[in-house]
S.K.: 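Starting off with a structure, shown below.
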Number of protein chains: 2
Amino acid sequence: MSSYSPRLQRLIDALRRLPGVGPKSAQRMAFHLLDRDREAAQLLGGALGEALSGIGRCPQCRMFCEDESCRYCSAARSQAGQLCVVEGPADLMAIDAGTSYRGRYFVLMGRLSPLDGIGPEELGLPQLEALLDQGWVQELIIATNPTVEGEATAYYLAELAKSRQIRVSRIAHGVPMGGELEYIDGGTLAHALSDRRVL
Amino acid sequence: MSSYSPRLQRLIDALRRLPGVGPKSAQRMAFHLLDRDREAAQLLGGALGEALSGIGRCPQCRMFCEDESCRYCSAARSQAGQLCVVEGPADLMAIDAGTSYRGRYFVLMGRLSPLDGIGPEELGLPQLEALLDQGWVQELIIATNPTVEGEATAYYLAELAKSRQIRVSRIAHGVPMGGELEYIDGGTLAHALSDRRVL
Ligand SMILES: [Zn+2]
Ligand SMILES: [Zn+2]
């Protein structure tokens with residue numbers, strides 16, 4: 001008598017597989033969907049089905065893609081001659097929505113992490129090399145995160161470009177706009193100081 | 001170019017309707033489901049459909065129920081003559097799994113909150129009154145939460161029982177087992193002190 005009825009238990013179990021959802025919140029979500037927002041349950045069920053059947057990966061940039069031609073791999077974007085490598089789809093979105101960058105992207109879907117079995121193959125680097133070999137890339141912009149693994153990945157990517165005489169750049173790290181120095185961590189400050197610009 | 005493709009956006013929007021899920025975590029969940037755990041997406045989609053079509057409410061106790069006869073409203077449970085009123089399904093589960101109580105339940109699915117338009121009707125109190133009028137209830141155990149609204153609800157419920165000459169009890173509030181006095185809030189301590197027992 002100490003467990004939920006089968007369907008309710010299955011719903012709670014399925015919700016628990018979402019990242020960041022523990023047993024308590026899965027329960028709360030299930031009750032919310034059943035008790036207060038059945039419409040949301042219906043929407044979510046439908047959206048999941050549609051997403052599974054209709055969202056794939058662009059073979060060129062590895063971004064999620066549901067159309068014949070990827071909006072991020074257009075000929076117009078290739079003309080800029082720039083290829084920006086990011087760790088995940090959210091990074092791509094952040095750059096595309098928040099900056100004026102309109103070149104192409106390559107989404108690693110992760111970062112090099114040998115201990116977790118994530119090597120060049122898992123990040124699609126053979127595909128990236130094929131892109132670099134196409135000849136249109138004049139600059140590889142590396143926008144991996146400023147973490148230990150992100151930096152190691154950046155180093156590896158830089159070598160791929162350099163061996164092909166392609167210019168490589170790394171996005172700048174430093175004090176964020178509007179940030180106050182006294183609240184910024186030491187690593188960021190060190191970066192900001194060593195990457196200082198002459199005015 | 002600043003938004004996701006339609007299906008992906010719909011999935012993110014649907015995930016945002018889950019309680020406690022903001023835009024960032026909805027995004028993270030969607031990417032996780034699409035990139036790393038498509039099986040989970042499938043399970044969740046299926047579980048939602050099954051839950052919507054197969055989980056209803058027990059007309060007697062208001063607990064979620066997917067069978068012909070409610071496991072919490074059995075004749076055996078009625079024989080104890082006890083009816084325990086809780087605010088939500090999770091409370092019922094906590095009591096049933098964590099204690100030896102084997103009487104019946106009534107799930108309010110909320111608490112009295114006139115400002116939010118939640119009155120006796122919304123909590124199914126007419127149904128509760130009908131139960132009390134059946135004659136088998138010898139004790140109404142009120143297990144609403146020790147919040148302002150939970151206490152107000154408890155007071156209201158107690159009146160319903162008293163007007164029918166049914167014994168009413170309220171679960172005890174005090175220092176939790178294993179709790180250390182110095183870390184317990186004042187309200188709880190005051191409760192623990194005033195509800196002290198002679199040894
Ligand atoms: Zn693409
Ligand atoms: Zn029932």
Side-chain angles (χ1 to χ4, degrees), chain A residues 1-8 10-21 24-25 27-57 63-67 71-72 88-90 93 96-98 102 109-110, chain B residues 1-8 10-21 24-25 27-57 63-67 71-72 88-90 93 96-98 102 109-110:
Chain A
M1 287 295 184
S2 64
S3 71
Y4 289 106
S5 50
R7 285 167 193 247
L8 183 51
R10 273 199 294 278
L11 177 58
I12 293 173
D13 291 343
L15 287 163
R16 275 201 66 179
R17 301 226 353 210
L18 294 171
V21 175
K24 283 283 168 196
S25 30
Q27 215 180 66
R28 198 158 49 98
M29 285 173 175
F31 295 158
H32 179 87
L33 291 173
L34 285 169
D35 183 38
R36 304 215 186 125
D37 202 354
R38 291 200 163 222
E39 191 196 64
Q42 214 138 20
L43 284 174
L44 182 53
L48 285 165
E50 268 191 6
L52 283 175
S53 67
I55 301 181
R57 289 277 188 75
M63 180 64 177
F64 297 125
C65 182
E66 59 193 70
D67 303 308
R71 60 168 90 182
Y72 300 111
M93 288 301 302
D96 218 65
R102 288 297 172 267
M109 295 284 180
Chain B
M1 288 294 182
S2 65
S3 72
Y4 290 105
S5 50
R7 285 166 193 245
L8 182 51
R10 273 198 294 277
L11 178 58
I12 293 172
D13 291 345
L15 286 164
R16 275 202 65 178
R17 299 224 357 207
L18 294 171
V21 175
K24 284 282 168 196
S25 32
Q27 218 180 61
R28 199 159 48 97
M29 287 173 173
F31 295 157
H32 179 87
L33 291 173
L34 285 169
D35 182 37
R36 304 217 186 124
D37 202 355
R38 289 199 164 222
E39 192 196 64
Q42 215 138 19
L43 284 174
L44 182 54
L48 285 164
E50 269 191 5
L52 283 174
S53 67
I55 301 180
R57 289 276 187 74
M63 179 64 175
F64 296 125
C65 182
E66 58 194 70
D67 303 307
R71 62 168 90 181
Y72 300 110
M93 288 301 303
D96 218 63
R102 289 295 173 269
M109 296 283 179

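We name chains A, B, ... by the order of the sequence lines, and we start the count at 1 in each one.
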S.K.: Would you compute the distance between atom CZ of A/R71 and atom OH of B/Y4 and round it to the nearest 0.5 angstrom?
M.R.: 10.5 Å

S.K.: For A/R16, which atoms come within 4.5 Å of any heavy atom of chain B: side chain, backbone, both, or neither?
M.R.: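 For A/R16, there is no contact with chain B at all, as no heavy atom is under 4.5 Å.
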
S.K.: Side chains of A/E39 and B/R17: does their closest heavy-atom pair fall under 4.5 Å?
M.R.: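 In short, these two side chains touch, coming nearer than 4.5 Å.
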
S.K.: Taking B/E66, B/M109, B/H32, B/M29 one by one, which has the highest count of heavy-atom pairs under 4.5 Å against chain A?
M.R.: B/E66

S.K.: For B/L33, is it the side chain, the backbone, both or neither that has a heavy atom under 4.5 Å from a heavy atom of chain A?
M.R.: side chain

S.K.: Write down the atom of B/L52, the atom of A/R38, and the distance for their closest heavy-atom approach.
M.R.: O-NH1, 3.2 Å

S.K.: Taking B/Q27 for the side chain and A/A90 for the main chain, is one N or O donor matched with an acceptor at less than 3.5 Å?
M.R.: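 Not a single qualifying donor-acceptor pair exists.
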
S.K.: Answer whether the closest heavy-atom distance between the side chains of B/L43 and A/R10 falls below 4.5 Å.
M.R.: no

S.K.: Just give me the residue among B/G45, B/A51, B/P6, B/G88 that pairs up with chain A most often, heavy atom to heavy atom, under 4.5 Å.
M.R.: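 Ranked by contacts with chain A, first place is B/P6.
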
S.K.: Who among B/L44, B/I12, B/V21 has the most heavy-atom pairs with chain A under 4.5 Å?
M.R.: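 Result: the option with the highest number of such pairs is B/L44.
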
S.K.: Against chain A, label B/S25 side chain, backbone, both or neither, depending on which of its atoms sit under 4.5 Å from a heavy atom there.
M.R.: neither

S.K.: Output the distance between atom CG (A/L18) and atom CZ (B/R28), rounded to the nearest 0.5 Å.
M.R.: 10.0 Å

S.K.: Atom CZ of B/R7 and atom CD1 of A/I55: how far apart are they, to the nearest 0.5 Å?
M.R.: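 Between B/R7 CZ and A/I55 CD1, I get 7.0 Å after rounding to 0.5 Å.
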
S.K.: Just so I know, are the side chains of A/L11 and B/E50 near enough to count as touching, which here means a heavy-atom distance under 4.5 Å?
M.R.: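 A/L11 does not reach B/E50 side chain to side chain.
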
S.K.: Please identify, among B/A14, B/P19, B/A40, B/A47, the residue contributing the most non-hydrogen atom pairs under 4.5 Å to chain A.
M.R.: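 Top count of heavy-atom pairs under 4.5 Å with chain A: B/P19.
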
S.K.: Measuring heavy-atom distances to chain B, does A/D37 have an atom under 4.5 Å in its side chain, in its backbone, in both, or in neither?
M.R.: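 It is the side chain, since no backbone atom gets that close.
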
S.K.: What's the spacing between A/F31 CZ and B/F64 CZ if we round to 0.5 Å?
M.R.: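 CZ of B/F64 is found 6.0 Å from CZ of A/F31.
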
